[in-house]
Each structure stands twice: as structure tokens, then as C-alpha cells.
Amino acid sequence: MRRPDWAPETIDIDRPSAARMYDYFLGGSHNFAVDREAAQAMLAAIPETPLIAQANRAFLRRSVHFLVEAGVRQFLDIGSGIPTVGNVHEIAQAIAPESTVAYVDIDPVAVGHSREILAGNDLAVAIQADIRDPDRILDHPEVLKLIDFGQPVALMIVAVLHYVRDEDRPTEIVARLRSALAPGSYLALSQASGEGRTSAEWDQANAVYQRTDRPLHNRGRDEIAHLFDGFALVEPGVVWVPEWRPDSSHAFEEAERAIYIGGVGRLG
Amino acid sequence: MIPDPDAMPYPLATPGYETTAPAVPDAGGGRHPQSPGLAIFARAWAKAVTGTSYLPVTPAQLEEFLEGLTIRLVEALYAEPFSLRRGYQIGAALVGAHIASAEGLGRTIEVIELHLLRDLGLAGDNLRDRMARLLGCVAIGYTRALRDRTLDEQESIRRAAMVAREHAEQALRESEARFRHQATHDPLTDLPNRALFTERLEAVFDRDGASGRRLGVCFVDLDGFKMVNDTLGHHAGDLLLTSVAAKLRRGVGEHLVARMGGDEFVILVEDTTCTDDVLKVADAALAAISEPSIVDGQELHVSASIGIVERPVAGTTPSEVMRAADITLHWAKSSGKSRWELFDPERNEREVTRYALSSAMPAALERGEFCLDYQPLVSLCDGRLLGVEALVRWRHPKLGVLGPDKFIGLAEETGLIVRLGSWVLAEACRQARHWIDLSPKAPFVSVNLAVRQVRGPGLVNEVTSLLREHDLPPGRLQLEITESAMMNGADESVDILRSLADLGVRIAIDDFGTGYSNLSYLRTLPVCELKVAGSFVEGLRAPAAEPASLTDERILATLVSLAHTLNLTVTAEGVETAAQADRLRAIGCDAAQGWHFGSPMPPTHVDALL
């Protein structure tokens, strides 16, 4: 009689999905006409959106790299979205094949697709859950099968919290997740800031996302830094994502226009 | 993923190129341009494609990959004969490395065209022609791979959406099924609930309503469940209900057992052939419930009462069946619990009539539907009319005139007896006054008192004011109480009777000899008359020679003698024949009442006797 844990009430693919729009910005084709139409409206508002999405995705890649190098072998990726190119398990398992990854997303289609991608990979799993219900994630049997919270875990909250309203208390959500982590765990987090862009650009962008399943809630740098409360930030701290341990000096020319701010913190 | 290009005819190429193209790129045939120009070119290429789509590699990895691809480009450029396939493969390799966008292709062609020959210092015959053809092949291979990739991704996301939708629909169905289960089952015992039972019962009527089929219903209620709840707590009560529910379900087999609420259960026995079928189920249910239940380590023994209905489906309704079962359950409870009772339509009919009478009585009293008849009490010495006993009648608008046996019991149950008794008393006093006014030979009037009247606080005042109101000599009023009323009487009753006697009112014991005939109260009570029950007088109808008749006569003679010793008079009730009257006179009985001396009659008839 138990309801399948990732099955939502309804599947509405007639509405633009933020996850599939993000895939489109990264150059993927895991999207539908409604998604592409909304994505093109976003391009009209902020033409560099694809570069911005790529910069954020590159931040994810570099942070996972960093975390594997730091010795972490367990990854809890909340808001993993459509598994497009360069997923956490691909990056981590390429370096340390024993790495385990639990993907969590609210979008049932994204989760369905993740499961397809992960078929045959015993060290990675995808569940449908809402970050606003952290206990459900932390207690989820499939998560617990792969993630031992007694050992260090890399908590990935990359490009997610700008979909969570202030009323839903993102700081408390992160704090609850942090409370489950063992010392030596890390938080890698990025989110859209309201900075570096004109209010006209934001008005247009917000209008686009208002039509999607996930309206935007941008936060300033200070608020984003607050999300790392309890973690010791690793160098270079909370920065524009292209500036976080770049591969080369010329990776992104105007970092302050990259919208995403993020960083990595370690739990003492 | 990428089809073998050699298998597909290239529409713009001459047939010769295809057939001579080698299956494996000729690594040894071309020049190996390991010059500084290679790195310069690869860096320019990397820069050109960076940002065209997300590349999951570091810039250094990208340059390394493109250096390798540059070598393959140069080899293809010089390969002899020229191979289309090498160009296709380079295009596909770019897409495979996620350099997969329109911009990625455009910039690749631009950077190769502008920089490859110059950066690597390449020269040769027909090199420009070969370059054009190579770039064409790279673009074809690239586009094919990109299209395939796009189609694959589209298929994959559609499949994911479809699967997600299927899951959502399945979840919806499951939650609907769960909701349906919750809506139709009792959460404590998981038995079907009232709603499901009603649904099933109605389905039986829909299906069998016009057939000759029968059905049975057992309405089960635990005995003393409230005490378990009150003494052991609700938790223990819940555990007991769960245990009983499980036993019932096991005990009655395939029949539907539902919990109606509280400690009430109901069993639906479909398609019975006769009453016995449902009696067997009821017996099984009682046996199952009587097995001890272990609750919180204690062994609890409970019993149950069951009301059973078994009848043809046609001609009744679900609510009639349930009402009948409920009524029958109460019969089982009131006849001692731990048993079943079977619905009896005649008994029910009687009870319905009783109920109807009972509820109509207060209004009937208001409307004046009650009246009094009077039966003569006659002296056995001289045949004189001594008194009359007032007997109440109900002139029911539909049922006709009803005697007291039809409604006094009901009035006692409902408590209306007090008001009715007051009315009788008042009416009898009024009538007594009327006869006094009419004739010097006016009889006293004897009125029956109910137990409740004797126990009530106001009787003395009531009688006092009636006597005063009608200016009635107290000796003209006799109050009859039954032996049993005295037996159960408390001291207050005795005090009340004494007060009444002190007023001068006559007190008679009615139906003497049918109760315990306790003689001690005759000593203490201010009684002036004994009315001997008709059952003794009945014996006097038989010839005096019969032993039984003789026994009754001796008992009567002894009673008369005893009464006279105590200074009491004796009236014999139920005297129907002259022979009875003669024998009673012979043993010294003072007065008599019965058909022989006159049936109960309207007061106007009494007028005629005066």
C-alpha cells in the first residue's frame, strides 16, 4: 500500500521546468518545446545565460574534484537536476571509483531520467524529495544504503536554493542537513545572487521563471555566506563561481557578471 | 551510434573515393606534424569552442584532446587515397567530447580553415581542394552525430517523463485504493466499517431484491464492555476490541464481519436457506468471543449478545433489517445477555403497539380520553351495595375502549401513573360526592393506588384537599394497595398510610393471598379490609366435594377468621356464581365483588342501583 517514494501527485510537462531549461543552457537536448521557449525568453533577458550555467556547472566539477582530492568518498547532491554532461558520480568515480553518490531532486522527470542513467551503477542512486523536507532526505532508506552519515559526506547544494523562498527558511534547511554530517564533511553550495545585473534584467528573468515550476529567489552575497554558518570556508571563500579555484586564469572574463555565487566549507 | 559512413553512398563524391577508402585510418601514410605549431593551433581551437556548450573537462584536457584530433586532421588531409570516413570520424569525435553545438561546428571549421595550414606550416598539391573536402566530411560527421545525440536525448527525456507519469498514475491509483480502504475499514480493527457493511447490504438487496433468496444479519454487542474500558482503561478496551474482532473474523468464516462503532459488530450472512444457517453463525460468533482474550498480560473473559434477523430479501429493506436486528439485540440484552435472540415479528408488533400507546397516553390524559367504570361491592349478609371499585378505562379513538391491563403497566414504566392515578382519585371523589348528593344509600368508592403514588410525598395532601373540595366524609373513600406494594414499602409508605387512616380514609389490601401474605404488617398497618384474590374464590366454583375446592374453602375460612380476629372485614373478589356467593356467606365472608353481583359499569348505571 506504500506510495512509491518518488512519485509525485501529477506530472505536468506542459509547464517549463527549471531543470530542463538548465539542461538547455548547458547545450543538452533533454528538454521539451515549452522549456526551450522559456529558455529563449531567458536568453532575451540575459544573453550570457548559457555561459553562466556553464560556469556554475564548471564550479560543480571543480568542487567535486577538490572534494575527492580532499578524501571525501560520499556525495549527497541535492537538486541534481537533469543528469546532463559531467555528473557528480562521473567526476568522482573517474578519480575514486568507490565513491558513492545519492542524487536528490524534486522534479520527477529529472529523477526518472537520473535512474535511467544510473541503471547498473550500484554506487549511485536517485530519489525524489524536496530540499524543504531535509528529514525525509536524511532518513530515506535508499540514501542510507549508500551514505554513511558517520563518515564524511560532501553535501552538494549547487544552484538550488534560489528556488527556495525565504519563508521556507533556507538557512534552517542547511543547518538541519549540517546537523546530520560527521566532522570532516563538506558543503559545496552555489546560488543565484541578485548582484552584478541591472534590475531590468532581473525583472525580465524573474518574469520568465515565474512561468516555470520554480520561481527565482535571489540572495545577496552576505545571505549566501550565511548559509555556510558552522562550516569553515576553504580558499577562496564565498566568491563568484568562476573565481572559485579556476583551472586557468582566463576562464571567465567578467566573473562579476556570472550571477552565481558559491563556495566550499568544511565541517570541523 | 554513428552508422558506418562507408555503407552510405556519398551523393557528392565520385564512386572511386568510397571504394578505395581504407577501413582504418592510415597512421603511417601521412606526415606527423609534431611541431610547436600543433600546440598553438590546438590552443586556438580550444579557445574557439570554449563556451559553445558545457565541456566537462579542464582547459588543459581540452587542448590535449584537440591536439590528438589535429594530428588526425593532418593525417586525413594527406591520406592517399583521400578518405571521407576520416573526416566523418573527426566530426563525430568532437560531438563525443561534448563539443556539440552549432557554434562548436562553425568555430571549428573557421579555426581549421584559417589556422591549420598556417600554424602547422603545411603545403602540398591540391591541399586547398583536399581541405575543402575534409571540412565537408567533418561537418557531415559532426552534424550526423549531433542529430543522433539530440534524438537520443529527446527519446531519453520523453521516456523519463512517461515513466514518471506512469509512476504518478500508479501512485494515484494506490492512494485511491488506500483511501478507499481507509474509508471503508475501521482503523482500530481493520474490519470493514459501517459504510462498507451498508454498501454490501444494499448490494444484496439490489441483486436479490426480486428473487426468492434470503439473508441473515447478526447484530453483536459485547456484554459489559464499558466496564472493561472504565476499569482497565481505553487502551485495554481497544486491545480487547482488536482481539475480539480477530476472533470473530476467524470464527465466522467467509461471512462479512463489520465493526459498526464502539463494541458493536455486525455479521452479514448472505444467501441463507433457513433460519438455522444464521443461528449456526451466531453460535460460532458467541463461541469465538467467549474464548479468553489476553490483554496487557491479563486474561479477559467477555461475552456478547446477538440480535438475529433472518428473512427473505424480497419484501423488506436494508434499514428494516437493521432496525429489526437492533431491536432483537435489545431483547437479548434484556433477557440476560450472553445469548442470541431471533427476531419475532409478533413480539415486535406488540412492542410497537405498546410503544405507541405509551407515547400517546399523556396527550390522551390531557384530552380526557380516560374514564372510570365502577364495579359493585356487595354485602353478603343483606345484599346491600356497600361500595364500588373505580376501574379506569381508556376510550382510545382508534382502538376502542381499553382496559387497565392494556395500559397501567406502560403508565407505571413511563411514570405517567402518578398523574393518571391523581386523575382517577379526583374523579372518583367527585363521583362519590355525586352519589351522596343523590341518595342516602350512596356507596363508598374504592380507588387503587399505584406503588409510586404511595411513595410520593404529596398523597396525604392530595387526599386531604380532595376530601375538603368535595366535602366528602373520609369513610366514603377507600384506598386499595397491593400486598406487594406493602412488602416493598419503606417506612415512609407506612407513615403515609397511617396519616391517611388517621384522616378516616379506609385502607384495603388488594389481592390478598397472592404475595407473601406477610401477616406481620397486618398487625402494624391501619388496614380495615382485606380483598381476597379471585384465585381462591375460583376454587369455590367446583363442587364442594372436590378436594381442591375444599382446600380453597378452608384457606378462605381461615383468612376470614384471621381477619375478623384482627377486626378487619373481608371482601371476596371474582365471585361469578350464586353457589360461590353461598359458600362465601357460609364461611362468614363480609362482602363480595364479581360478575355475579355486577360487572364494572358506567356511573349512571350505579345511579340506577341507588
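So you know, we letter chains A, B, ... as the sequences are listed, proteins then strands, and number each from 1.
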Participant: With rounding to the nearest 0.5 Å, note down the distance linking CG in A/Asn56 to OH in B/Tyr54.
Facilitator: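 Answer rounded to 0.5 Å: 9.5 Å.
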Participant: Does atom CD of A/Glu98 have more than 12 heavy-atom neighbours, drawn from other residues, nucleotides or ligands, at distances under 6.0 Å?
Facilitator: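 Check passes, neighbour count above 12.
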Participant: Specify which of A/Gly27, A/Gly28, A/Ala58 makes the most heavy-atom pairs with chain B at under 4.5 Å.
Facilitator: A/Ala58
Participant: Please answer whether the main-chain N or O of A/His30 pairs with a side-chain N or O of B/Gln154 as donor and acceptor at a distance below 3.5 Å.
Facilitator: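 No; judged by distance alone, with no hydrogens or angles, the pair does not exist.
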Participant: Heavy-atom distance under 4.5 Å between the side chains of A/Arg61 and B/Thr58, does that happen here?
Facilitator: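 They are in side-chain contact.
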Participant: Where do B/Thr52 and A/Gln54 come nearest, in terms of heavy atoms and distance?
Facilitator: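 Answer, listing the atom of B/Thr52 first, then A/Gln54: C-NE2, 4.1 Å.
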Participant: Do you know which two heavy atoms are closest between B/Ala160 and A/Gly112, and how far apart they sit?
Facilitator: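 In terms of heavy atoms, the two residues are closest at CB-C, 4.0 Å.
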Participant: Say you draw a straight line from CG of A/Leu26 to NE2 of B/His98; how long is it, rounded to the nearest 0.5 Å?
Facilitator: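 So the gap between those two atoms works out to 11.5 Å.
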Participant: Indicate yes or no: at least one non-hydrogen side-chain atom of B/Pro56 is less than 4.5 angstrom from one of A/Glu90.
Facilitator: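 Of all side-chain heavy-atom pairs linking A/Glu90 with B/Pro56, none is under 4.5 Å.
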Participant: Given heavy-atom pairs under 4.5 angstrom as the criterion, report whether the side chain, backbone, both or neither of B/Leu55 touches chain A.
Facilitator: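 Looking at B/Leu55, just its backbone touches chain A.
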Participant: Tell me, side chain or backbone of A/Ile82 under 4.5 Å from chain B's heavy atoms, or both, or neither?
Facilitator: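 Just the side chain, heavy atoms under 4.5 Å.
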Participant: Can you confirm whether B/Arg159 is buried at CZ, in the sense that more than 12 heavy atoms of other residues, nucleotides or ligands lie under 6.0 Å from that atom?
Facilitator: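 Yes, the 6.0 Å shell around CZ holds more than 12 heavy atoms from other groups.
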Participant: Does atom CZ of B/Arg180 have more than 12 heavy-atom neighbours, drawn from other residues, nucleotides or ligands, at distances under 6.0 Å?
Facilitator: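 Open.
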Participant: Could you check whether atom CD of B/Glu64 has more than 12 heavy atoms from other residues, nucleotides or ligands sitting under 6.0 Å from it?
Facilitator: no
Participant: Checking side chain to side chain contact (heavy atoms under 4.5 Å, CB included) between A/Ser29 and each of B/Thr150, B/Leu146, B/Asp152, which is the one that passes?
Facilitator: B/Thr150
Participant: To the nearest 0.5 Å, what is the distance between CZ on A/Arg115 and NE2 on B/His167?
Facilitator: 7.0 Å
Participant: Compute whether any side-chain donor of one residue and acceptor of the other, for B/Ser156 and A/His113, lie under 3.5 angstrom apart.
Facilitator: yes
Participant: Is there a side-chain contact between B/Ile157 and A/Val109 in this structure, where contact means two heavy atoms from C-beta onward sitting under 4.5 Å apart?
Facilitator: yes
Participant: Any heavy-atom pair between the side chains of A/Ile13 and B/Arg165 that's under 4.5 Å?
Facilitator: yes
